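If you read the sequence from its start, that first residue is 1, and numbering goes on from there. Note that this is a predicted model, so its numbers are computed, not measured.
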Amino acid sequence: MFTFSKRRITDGAGDGLLDAEALQSKTIDYLRFPMALAVVFIHSAGNVPMSPVHYDAFAGLDFYNLLRVVFSHVLTHIAVPVFYVISGYLYFLNVKQWSWNEYKRKSCSRLYTLVIPYLLWNVAALLLFGGWAVVKHYMASHVWDFSLFLEQMRGLSWLWNVNEWGANRTNWLGYTVPMTGPINLPLWFLRDLIVVSALSPLVYYWVRYTRKWGLLLLALCYVSNVFPLIQGLRISAVLFFTLGAYFSINKRNMVMSLRRVEGVLALLTVMLVPVVVYYDGVNTPIGCLIYPFYVLSATLFAFCCASRMVQRGCRPNAFLTRSCFFIYAMHSLVIVSISVKALTFVFGNSSWLSLSVVYMLSPFLTILMCVLLYALMLRCFPILASWLTGKR
C-alpha cells in the first residue's frame, strides 16, 4: 500500500536529497540517544519522596513535584515502546521468506546482542548490590555475613523478577497487573525483548495472517491491560515489537507511513499530555485508563518528529549513538545515585529551587559519566566493552 523507496526528500543539512529509506534509517539512529536520556530521566526521580501536586494551592514544592511528573512519569515513558518498535522493525528487515534457518540465524545473532549482555549486566549488579550489603554489615558489626549476599539472590529470581512495582495497578477487569524486573532493574525491557524475539515465528505469522486486525486486537489488549500475566512477556513488548514487525514484514516504510497520519498523532498527543500529567501517569486510577492512549500516540508521533529533525539537518553523534546500550545498562547501578549526591553537594537540597535544579541536571550528569566510563572502557578493555554492549 505504501511504497516510498523512490521518493526523494529534502535534506536540510545540505547533503542533497534523502530517499525515504535513508530518512527512515537516520530517523531510527536519531531516536536512540534521546530515548536513552529518557530512560535515565525515568530512573532519576529525585532524592525526596514524591507527593501529589496540589494544583489548587500551588507552591514551590508542587513545582518540583510537577517537574518530576512531567519528565519521569509521562513524557519519557515513550522510550521503551520506541525501542520495541525499532527492535521489531529491524528484526524482520530484509527477511524475504521466513524459515527455520532464518530463525536460527536471527537467534544466534540475538544471543550476542541480547542474551549475553543481559546475563553479564545482571551478574555485575548482583556482585555490586550483594557485595555492598555484606560490606555494610561488616562495617556495622565487624562480622562477615555472606547470607546477606544469598538474600540478594533469592534463588534465580535476581535474573528475572526480584524487583516488583505497580502492585496497585489494575486492568479494565479489575485484576492487579504488577510489573517485575531483574536485579538490574532497567533490564526488564531487555528480558521482555529476549522473550518476544524467541517467539518471533509467532509474531511473523500473526502479522502475515491477521494483518491490521491483529494489531488492533493487540492494541485493545494494551489499552485495557487485559493480557495473560506472564512476567517476561508483557503486552507492551508484544504490541510495539509486533507493530515494528508489521511495517518490516509488509515492506512498508515506517516513517513515511506514520507521516501520513502525523496530524492526527500530533493532535492526540498534545491533547492527552496535560491530562496524563494532571493524573500523574499510571499512578492514579484515572491516569491508568488514559496513559496507554497517550503512549500509543506519542510513541508513533516521536518517529514523525525525529524524521522532521533529520530533514532539518540534525544528525546524531555516532559515538553517543554507539554508547546508548551502555548508558541504558549502567546508569542505575551506581551512576544515578552518585550524580544526585554530587549535585546535591553543590546546590544543596534546602529549597524547592535547589531540588528542581538537582533533578533536572542529574540525568545529564549521569549520561556524561556513563559516556566517559564507556570511552575509558573502550580504550582500556575493548573486548569487555564489546561483550557488555552486545558487540555493537
Side-chain angles (χ1 to χ4, degrees), residues 1-7 19-29 31-32 80-120 159-160 187-222 227-228 230-258 299-300 303 325 386-387 389-392:
M1 182 176 179
F2 303 118
T3 55
F4 297 95
S5 59
K6 301 299 182 184
R7 181 174 173 181
D19 63 43
E21 295 305 318
L23 177 63
Q24 177 172 257
S25 177
K26 292 178 183 295
T27 297
I28 289 173
D29 284 341
L31 280 168
R32 294 183 189 276
V80 168
V82 165
F83 282 134
Y84 280 139
V85 172
I86 292 173
S87 298
Y89 182 83
L90 295 179
Y91 190 98
F92 292 98
L93 188 63
N94 299 323
V95 174
K96 296 180 179 180
Q97 182 64 43
W98 190 253
S99 66
W100 175 244
N101 287 334
E102 185 70 25
Y103 178 65
K104 288 194 294 184
R105 185 179 70 83
K106 294 283 186 180
S107 297
C108 287
S109 173
R110 268 57 186 181
L111 175 67
Y112 292 103
T113 59
L114 300 179
V115 177
I116 292 177
Y118 179 81
L119 294 173
L120 291 176
L159 199 56
W160 201 257
L187 296 190
W188 69 264
F189 153 76
L190 199 58
R191 176 200 66 185
D192 288 22
L193 182 57
I194 291 169
V195 174
V196 77
S197 297
L199 298 175
S200 56
L202 297 179
V203 173
Y204 177 83
Y205 289 111
W206 178 266
V207 169
R208 290 286 290 176
Y209 290 106
T210 67
R211 298 188 177 275
K212 62 181 179 181
W213 304 110
L215 277 180
L216 289 173
L217 178 59
L218 291 177
L220 177 60
C221 291
Y222 174 72
F227 194 75
I230 303 172
Q231 299 305 333
L233 189 63
R234 304 287 301 181
I235 181 57
S236 58
V238 175
L239 170 63
F240 290 106
F241 184 89
T242 303
L243 179 59
Y246 175 84
F247 288 107
S248 194
I249 292 170
N250 290 296
K251 311 302 179 189
R252 298 183 180 182
N253 185 290
M254 179 166 54
V255 167
M256 299 310 298
S257 296
L258 293 175
T299 296
L300 301 181
F303 285 90
F325 186 88
S386 176
W387 283 102
T389 55
K391 298 190 173 181
R392 288 171 171 82

Undergrad: Nearest 0.5 Å, what's the CD1-OG distance between Ile116 and Ser386?
TA: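 Ile116 CD1 to Ser386 OG: 10.0 Å, rounded to 0.5 Å.
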Undergrad: When rounded to the nearest 0.5 angstrom, what distance separates CG in Asn253 from CG in Asp19?
TA: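 Those atoms lie 9.0 Å apart.
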Undergrad: Among Tyr204, Tyr205, Tyr89, Trp206, which residue meets the side chain to side chain contact (heavy atoms under 4.5 Å, CB included) test with Ile249?
TA: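 Single side chain to side chain contact (heavy atoms under 4.5 Å, CB included) partner of Ile249 among Tyr204, Tyr205, Tyr89, Trp206: Tyr204.
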Undergrad: Angle class for the Tyr103/Trp100 ring planes (parallel below 30°, perpendicular above 60°, tilted otherwise)?
TA: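 Judged by the thresholds at 30° and 60°, the geometry between Tyr103 and Trp100 is tilted.
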Undergrad: Would you check if the side chain of Asp192 reaches a backbone N or O of Ala237 as a donor-acceptor pair within less than 3.5 Å?
TA: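 Absent.
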Undergrad: Between Thr389 and Pro117, what is the shortest heavy-atom contact and its length?
TA: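 The pair with the smallest heavy-atom distance is C-CG, 4.4 Å.
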Undergrad: Which heavy atom of Arg32 sits nearest to which heavy atom of Ile86, and what is that distance?
TA: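 Closest heavy-atom pair between Arg32 and Ile86: NH2-CG2, 4.1 Å.
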Undergrad: Decide yes or no on side-chain contact (heavy atoms from CB on, under 4.5 Å) for Met254 and Leu258, but give the supporting numbers first.
TA: CA-CA 6 Å; Met254 179 166 54; Leu258 293 175; 4.1 Å; yes
Undergrad: To the closest 0.5 Å, what do you measure between CZ (Phe241) and CG (Leu90)?
TA: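 The CG atom of Leu90 is 9.5 Å from CZ of Phe241, to the nearest 0.5 Å.
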Undergrad: Has Tyr118 got a side-chain atom pairing as donor or acceptor with Leu159's backbone, closer than 3.5 angstrom?
TA: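 A pair under 3.5 Å: yes.
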Undergrad: Checking Thr242 side chain against Val203 main chain: does a donor-acceptor pair fall under 3.5 Å?
TA: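 Pair absent, no side-chain N/O of Thr242 close to backbone of Val203.
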Undergrad: Quick one: pull up CG in Asn101 and NZ in Lys106 and give me the separation to the nearest 0.5 Å.
TA: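 Here the rounded value is 13.5 Å.
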Undergrad: Please work out whether the ring planes of Phe92 and Trp98 are parallel, tilted or perpendicular, with thresholds of 30° and 60°.
TA: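 Judged by the thresholds at 30° and 60°, the geometry between Phe92 and Trp98 is tilted.
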Undergrad: Do Arg191 side-chain atoms and Trp160 backbone N/O form a donor-acceptor pair below 3.5 Å?
TA: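 Yes.
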Undergrad: Taking the side chain as everything from C-beta on, heavy atoms only, tell me whether Leu243 gets closer than 4.5 Å to Leu300.
TA: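 Yes; the side chains approach each other to less than 4.5 Å.
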Undergrad: Which atoms form the tightest heavy-atom contact between Ile235 and Leu218, and what is the distance?
TA: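 Heavy-atom minimum between the residues: CD1-O, 3.9 Å.
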Undergrad: Using modelled atom types and a 3.5 Å cut-off, is there a donor and acceptor pairing between side-chain atoms of Asn250 and backbone atoms of Arg252?
TA: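 No; zero donor-acceptor contacts below 3.5 Å.
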Undergrad: Any chance you could lay out the side-chain contact (heavy atoms from CB on, under 4.5 Å) test for Phe240 and Val80, step after step, and finish with the verdict?
TA: CA-CA 9 Å; Phe240 290 106; Val80 168; over 6 Å; no
Undergrad: Provide the closest heavy-atom pair for Ser200 versus Tyr91 in the form atom of the first, atom of the second, distance.
TA: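 In terms of heavy atoms, the two residues are closest at OG-OH, 2.8 Å.
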Undergrad: Run the side-chain contact (heavy atoms from CB on, under 4.5 Å) check on Leu217 and Thr210 step by step: do they pass?
TA: CA-CA 10 Å; Leu217 178 59; Thr210 67; over 6 Å; no
Undergrad: Mind checking whether Phe189 and Phe83 have parallel, tilted or perpendicular rings, split at 30° and 60°?
TA: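 Tilted: the ring planes of Phe189 and Phe83 meet at 30° to 60°.
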Undergrad: The test is side-chain contact (heavy atoms from CB on, under 4.5 Å); show your working for Lys212 and Tyr246 and say whether it passes.
TA: CA-CA 8 Å; Lys212 62 181 179 181; Tyr246 175 84; 4.2 Å; yes
Undergrad: Nearest heavy-atom pair of Thr299 and Pro81: which atoms, and what distance?
TA: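 Closest approach of Thr299 to Pro81, heavy atoms only: OG1-CB, 3.4 Å.
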Undergrad: I'd like to know if the side chain of Ser25 reaches the main chain of Glu21, judged simply by a donor and an acceptor atom lying under 3.5 Å from each other, with no hydrogens or angles considered.
TA: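 Looks like no, no N/O pair under 3.5 Å.
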Undergrad: Check whether any side-chain heavy atom of Tyr84 lies under 4.5 Å from a side-chain heavy atom of Leu239, and answer yes or no.
TA: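 They are not in side-chain contact.
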Undergrad: What are the two closest non-hydrogen atoms of Glu102 and Val95, and how far apart are they?
TA: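 Minimum heavy-atom contact is OE2-CG2, 3.6 Å.
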